[in-house]
Amino acid sequence: NPKFVNWSAGVMRNYLSHEARHFGARRSILLFRDHDIDVGHVPQRRVWTATRSRALRTVLRFKFTELLWNWTLDHGFVGYDLVMLVREDTYFISDVDLSRFQDRGSMYSAPFGVMCMPLRPHAMSDKVMVFGGKIAGAMLRAYTDLIYHPSKELDFLNAPETFLVKLAKVKKVPFARVPYTWLPYWTVTHMHGEMAGLDRPMLCFRGLKPIHFREPFSPCID
């Protein structure tokens, strides 16, 4: 968001803490990096058949997630019923009812695709994932598993989503794809306002067109 370009870490921390309290969070913890993170050497058999930039972003995301999870445990924050992992370009368009996720030993995600548009029901999305507290530790160390896990089932895969599904299978973690209405979100990005004749950046829902609201191909908003 261009709004935050010149903000200091302190100003950002105060803003996000205020927003978290406003929306009902009892505790918010913000970690700011002051140096780059080295992802180390990823074995060639674990490099997905995607673009190099996308593969690097995913490895970084795996490592950041694992660092955050380890920090959480090291500081005594344990005993979670559920852990929700949300990618930074995700925009929720409705409330999420966490009571629907009953099994504390399972992993959940929505189908691959975009709400209101055609979905791939047999594939999973890694944009929003819910982990039961009993298995969160097993799945939130995906970076270490990517580098070191010996299972050949994790080799030569085509995408991070496939890796996570295979990892759950290897670790015997039940995985369920839930209806998109359970995790109602869109992927967003900020665009230069000049493209729409505006004098400020605008928030755009990626891939969506007006026809998808008039004639949706999948579950959509009212």
Side-chain angles (χ1 to χ4, degrees), residues 13 16-32 57-115 119-146 149 154 159-188 218-219 221:
R13 181 182 295 108
L16 293 176
S17 296
H18 176 270
E19 291 295 292
R21 289 194 300 272
H22 173 75
F23 287 103
R26 286 181 291 179
R27 179 186 294 117
S28 61
I29 299 169
L30 309 173
L31 304 179
F32 291 89
R57 286 198 305 271
T58 303
V59 174
L60 281 169
R61 181 158 52 88
F62 280 5
K63 184 156 189 178
F64 294 153
T65 299
E66 185 167 331
L67 289 172
L68 178 59
W69 178 249
N70 291 341
W71 185 96
T72 301
L73 300 182
D74 290 344
H75 288 76
F77 301 109
V78 296
Y80 292 102
D81 293 323
L82 294 169
V83 176
M84 178 184 284
L85 186 63
V86 182
R87 214 170 77 174
E88 68 276 4
D89 57 352
T90 297
Y91 187 95
F92 284 101
I93 57 175
S94 185
D95 292 337
V96 177
D97 183 359
L98 291 176
S99 68
R100 288 170 160 164
F101 303 93
Q102 294 285 331
D103 188 348
R104 300 305 186 244
S106 291
M107 176 177 89
Y108 304 89
S109 87
F112 187 90
V114 179
M115 196 172 186
L119 302 177
R120 290 165 53 187
H122 300 297
M124 62 88 73
S125 171
D126 65 346
K127 294 181 178 65
V128 179
M129 303 187 69
V130 178
F131 303 93
K134 293 179 180 179
I135 55 86
M139 295 303 302
L140 292 174
R141 294 189 174 94
Y143 171 78
T144 294
D145 290 320
L146 177 70
H149 202 292
L154 303 177
E161 295 89 352
T162 310
F163 175 81
L164 291 170
V165 171
K166 290 287 187 179
L167 182 62
K169 179 181 177 182
V170 167
K171 294 194 171 189
K172 296 181 171 54
V173 172
F175 166 58
R177 296 176 188 84
V178 299
Y180 229 120
T181 50
W182 287 25
L183 296 169
Y185 65 84
W186 284 321
T187 305
V188 298
S218 62
I221 60 173

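For Pro174, the side-chain contact (heavy atoms from CB on, under 4.5 Å) partners at least two apart in sequence or on another chain are Ser106. Under the salt bridge (Lys or Arg N to Asp or Glu O under 4.0 Å) criterion, Asp89 pairs with Arg87, Arg206, sequence neighbours left out. With sequence neighbours excluded, no residue forms a ring-ring contact (aromatic ring centres under 6.0 Å, His included) with Tyr143. Remark: Arg61 engages Asp126 in a salt bridge (Lys or Arg N to Asp or Glu O under 4.0 Å) (not counting sequence neighbours). Checked against salt bridge (Lys or Arg N to Asp or Glu O under 4.0 Å), Lys134 has no partners two or more places apart in sequence or in another chain. The side-chain contact (heavy atoms from CB on, under 4.5 Å) test applied to Val170 returns His149, Ser151, Glu153, Leu154, not counting sequence neighbours. Applying the ring-ring contact (aromatic ring centres under 6.0 Å, His included) criterion to Tyr80, with sequence neighbours excluded, gives no partner residue. When the side-chain contact (heavy atoms from CB on, under 4.5 Å) test is applied to Arg27, the partners found at least two apart in sequence or on another chain are Ile29, Phe77. Residues that satisfy the side-chain contact (heavy atoms from CB on, under 4.5 Å) test with Ile135, not counting sequence neighbours, are Met107, Phe131, Met139, Val173. Here Glu66 pairs with nothing under the salt bridge (Lys or Arg N to Asp or Glu O under 4.0 Å) rule; sequence neighbours left out. For Trp69, the ring-ring contact (aromatic ring centres under 6.0 Å, His included) test picks out no residue, with sequence neighbours left out.
Taking CG from Asn70 and OG1 from Thr144, the interatomic distance works out to 7.5 Å, rounded to the nearest 0.5 Å. Atom CZ of residue Arg141 and atom CG of residue Leu146 lie 15.5 Å apart, to the nearest 0.5 angstrom. Rounded to the nearest 0.5 angstrom, Asp81 CG and Ser99 OG are separated by 12.0 Å. The line from OG of Ser28 to NE2 of His18 is 11.5 Å long, rounded to the nearest 0.5 Å. Distance check, rounded to the nearest 0.5 Å: CG of Leu67 to CZ of Phe62 gives 13.5 Å. Lys63 contributes atom NZ, which lies 14.5 Å from atom CG of Leu68 (distance to the nearest 0.5 angstrom).
Among all heavy-atom pairs drawn from Ser109 and Met124, the shortest one is OG-CB, 3.3 Å. Across Gln102 and Tyr108, no two heavy atoms sit closer than the pair N-OH, 3.8 Å. Closest heavy-atom contact between Gly113 and Tyr180: O-OH, 2.6 Å.
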message: Evaluate Leu183 against Lys127 for side chain to side chain contact (heavy atoms under 4.5 Å, CB included), listing each step before the verdict.
response: CA-CA 10 Å; Leu183 296 169; Lys127 294 181 178 65; over 6 Å; no

message: As a quick check of understanding, evaluate side chain to side chain contact (heavy atoms under 4.5 Å, CB included) for Trp182 and Val130, giving each step before the final call.
response: CA-CA 11 Å; Trp182 287 25; Val130 178; over 6 Å; no

- request: List the steps, then state whether side chain to side chain contact (heavy atoms under 4.5 Å, CB included) holds for Leu98 with Val96.
  value: CA-CA 6 Å; Leu98 291 176; Val96 177; 4.0 Å; yes

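Listed by first and then second residue, the salt bridge (charged side-chain N to carboxylate O under 4.0 Å, His left out) pairs involving residues 90-103 amount to none (not counting sequence neighbours).
The backbone N or O of Met115 lies less than 3.5 Å from a partner atom in the side chain of Trp186, making a donor-acceptor pair.
Here the side chains of Thr58 and Phe163 are not in contact, with every heavy-atom distance at 4.5 Å or above. In this structure, the side chains of Phe101 and Val178 come closer than 4.5 Å at one or more pairs of heavy atoms. Side-chain contact between Leu30 and Ser17 is present, with heavy atoms from C-beta onward closer than 4.5 Å.
Counting non-hydrogen atoms of neighbouring residues, nucleotides and ligands closer than 6.0 angstrom, the OH atom of Tyr91 reaches no more than 12 such neighbours.
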